[in-house]
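Down below is the structure, laid out as structure tokens.
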Amino acid sequence: MSQRQLKKGVAGWVLLASLGISYVISGDFAGWNFGLELGGFGGMLIATLVMGLMYICLVLSLAEMSSSLPTAGGGYSFARRAMGPWGGFLTGTAILLEYAIAPAAIAIFIGGYVNELVGIDGPIVYAAFYLVFVGLHLWGAGEALRIMMGITLLAVIAIGVFMVGMVPHFDPANLFDIAANPDVAGSSSFLPEGYMGIWAALPFAMWLFLAVEGVPLAAEEATDPAKDMPKGIIASMLVLIVFAAAVLLLVPGGAGAEAMKTHGAPLVGALQSVYGLDSLAAKFVNLVGLFGLIASFFSIIYAYSRQVFALSRAGYLPRFLSLSGKRKVPVWALIVPGVLGFLLSLTGEGDLMITMAVFGATISYAMMSLSHILLRKKEPQLERPYKTPGGVLTSSIALILSLVALASTFVVSLQAAMWSALFYLIMVTYFVLYSRHRLVASAPEEEFDMIASAESELS
């Protein structure tokens, strides 16, 4: 355990809120607009409202659990406590699938923005960003988190400039300029792909919030987890709701849904459509907007390293992955998933990567929501510095909607869902045949379980 330590006390609630925003903010700059192609503005709007509700309920549930069980395992540790080793592993693996693949999608979108700026795209861009930002995390957690906060601030400024620039050009008619498909049921200018368009848009609506649930992964490095974790994750969610509403309305409302539905840099494209290709506003948002993608890329690298670290420290993944260097950062947990993510980015299929990340995310959301329900019923005496408004009703809504979102990935891309399912099967096979027999009793998540078992026997 002495070789598997993280630096404590480096993150207060403001930094945690910044971390939550930075996980997600790339979704405002690219990727979400593919939902316009599949569902039109109406389909994307309804999908965003539904997924926004799911995330609000999930975040409120996580706020309670992260204040009660503050470890670097996040959702894995909650499920481990509620459902034992199997529940912990299945949840942790789903989170790992999400966080290992999401940076690959973001790297592809970064390539699109860099191409707009300097005309360079592809593997050389992806490799450069992986090398630089994995390297910064190897430098140290405190330093990396402070850099992340600065980058996130620049991204927020870019969204602010975009909003100011686009509000005068908003025209509701532009939202509905995608032609209705006469061959599908329920098609209209509001729902050009009919009712199924809502279903198909769900994964891309999730992209506006995906990964905010990663804030609890910083629990062991928080200043005061009991107070800071709930404040940080709830504050970040409130900001993200505002950003999601802004881009969803102003991008198609200013430039037209038809023109923006497949654009690689929709915020830049919207500004170019109203101010011209060489406009100062478009160039500024293109340059500074790149920091939005970098912020999420940077912070999700942090998230996947902590998830791998926690799973490895407890024995669910190979032990060497949780070794930390002199600067108390998980070296191999940063490098190995980074290499895998870079290889995935070489596909150049950003929308495919989004769907694969959503597949893992929705499984983890269902498991974390179920964990909240079970912990409320099994351990009512557990100290809860923060309690979820609505209790198990709130987490039950998150559970049901996450299963709906999981089913939607099969509608959007059966190929992506099947590749994700194959990864999941390989990991489960490894657990069944090897790692479940070699769990580490002194890991925090396992200690929590032993203490809880002993207390229940005494009572």
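Computed from a predicted structure; not experimentally measured.
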Inset, instruction - Would you mind reporting whether Val432 and Met427 have side-chain heavy atoms less than 4.5 Å apart? - result: no

Inset, instruction - Test Val251 against Asn33 for side-chain contact (heavy atoms from CB on, under 4.5 Å), laying out the working first. - result: CA-CA 9 Å; Val251 168; Asn33 53 309; 5.6 Å; no

Legend entry - Ring centers of Tyr316, Tyr76 separated by less than 6.0 Å: yes

Legend entry - Pairwise side-chain contact, Trp419 with Leu422, heavy-atom cut-off 4.5 Å (strictly under): yes

Legend entry - Neighbour count >12 (heavy atoms, 6.0 Å) for atom CD1, Ile124: no

Inset, instruction - For residues Gly75 and Ile95, report the shortest heavy-atom separation together with the two atoms involved. - result: CA-CD1, 3.9 Å

Inset, instruction - Mind listing the closest non-hydrogen atom pair of Ser402 and Leu399 along with its distance? - result: OG-O, 2.7 Å

Inset, instruction - Give the ring-plane orientation class for Trp86 versus Phe431, where under 30° counts as parallel, over 60° as perpendicular and anything between as tilted. - result: perpendicular

Inset, instruction - Determine yes or no for a side-chain-to-main-chain donor-acceptor pair under 3.5 angstrom, with Tyr304 supplying the side chain and Ala333 the backbone. - result: no

Legend entry - Any Arg436 side-chain heavy atom under 4.5 Å of Pro85 side chain: no

Legend entry - Atom pair OG/CD of Ser68 and Glu383 - distance to nearest 0.5 Å: 7.5 Å

Inset, instruction - Working to the nearest 0.5 Å, report the span between NZ of Lys261 and CG of Leu36. - result: 9.5 Å

Inset, instruction - For Ser22 and Thr152, indicate whether the former's side chain and the latter's backbone hold a donor-acceptor pair under 3.5 Å. - result: no

Legend entry - Minimum-distance pair of heavy atoms, taken over all atoms of Gln381 and Lys378: OE1-O, 4.3 Å

Legend entry - Over 12 foreign heavy atoms within 6.0 Å of CZ, Phe410: yes

Inset, instruction - State, yes or no, whether a side-chain contact exists between Glu98 and Met356 at a heavy-atom distance under 4.5 Å. - result: no

Legend entry - Geometric class of the Phe129/Phe133 ring pair [parallel <30°, tilted 30-60°, perpendicular >60°]: parallel

Inset, instruction - Please work out whether the ring planes of Trp332 and Phe320 are parallel, tilted or perpendicular, with thresholds of 30° and 60°. - result: perpendicular

Inset, instruction - Report yes if some heavy atom in the side chain of Val24 is under 4.5 Å from a heavy atom in the side chain of Phe243; otherwise report no. - result: no

Inset, instruction - Assess the pair Tyr130 and Phe297: is the distance between their ring centroids shorter than 6.0 Å? - result: yes

Inset, instruction - Please report the C-alpha distance between His372 and Thr388 in whole Å, then the side-chain angles of each, then the deciding distance to 0.1 Å, and finally whether the side-chain hydrogen bond (donor to acceptor under 3.5 Å, both in side chains) criterion is met. - result: CA-CA 9 Å; His372 181 268; Thr388 303; 3.2 Å; yes

Legend entry - Donor-acceptor contact present, side-chain Ser26 to main-chain Leu293, <3.5 Å: no

Inset, instruction - Run through Leu406, Leu210, Val358 and flag the one making a side chain to side chain contact (heavy atoms under 4.5 Å, CB included) with Pro203. - result: Val358

Inset, instruction - Run the ring-centre check on Tyr55 versus Tyr365 and record whether the distance is less than 6.0 Å. - result: yes

Legend entry - Residue that, paired with Val59, satisfies side chain to side chain contact (heavy atoms under 4.5 Å, CB included) out of Thr394, Val215, Val212: Val212

Inset, instruction - Of all the heavy-atom pairs spanning Ser369 and Ser395, show the shortest one and how long it is. - result: CB-O, 3.4 Å

Inset, instruction - Provide the closest heavy-atom pair for Pro70 versus Pro225 in the form atom of the first, atom of the second, distance. - result: CB-CB, 3.5 Å

Inset, instruction - Please examine the side chains of Met206 and Met54, heavy atoms only from C-beta on, and report whether any two atoms are closer than 4.5 Å. - result: yes

Inset, instruction - State, to 0.1 Å, how close Ala357 and Ile101 come at their nearest heavy-atom pair, and which atoms those are. - result: N-CG2, 4.1 Å

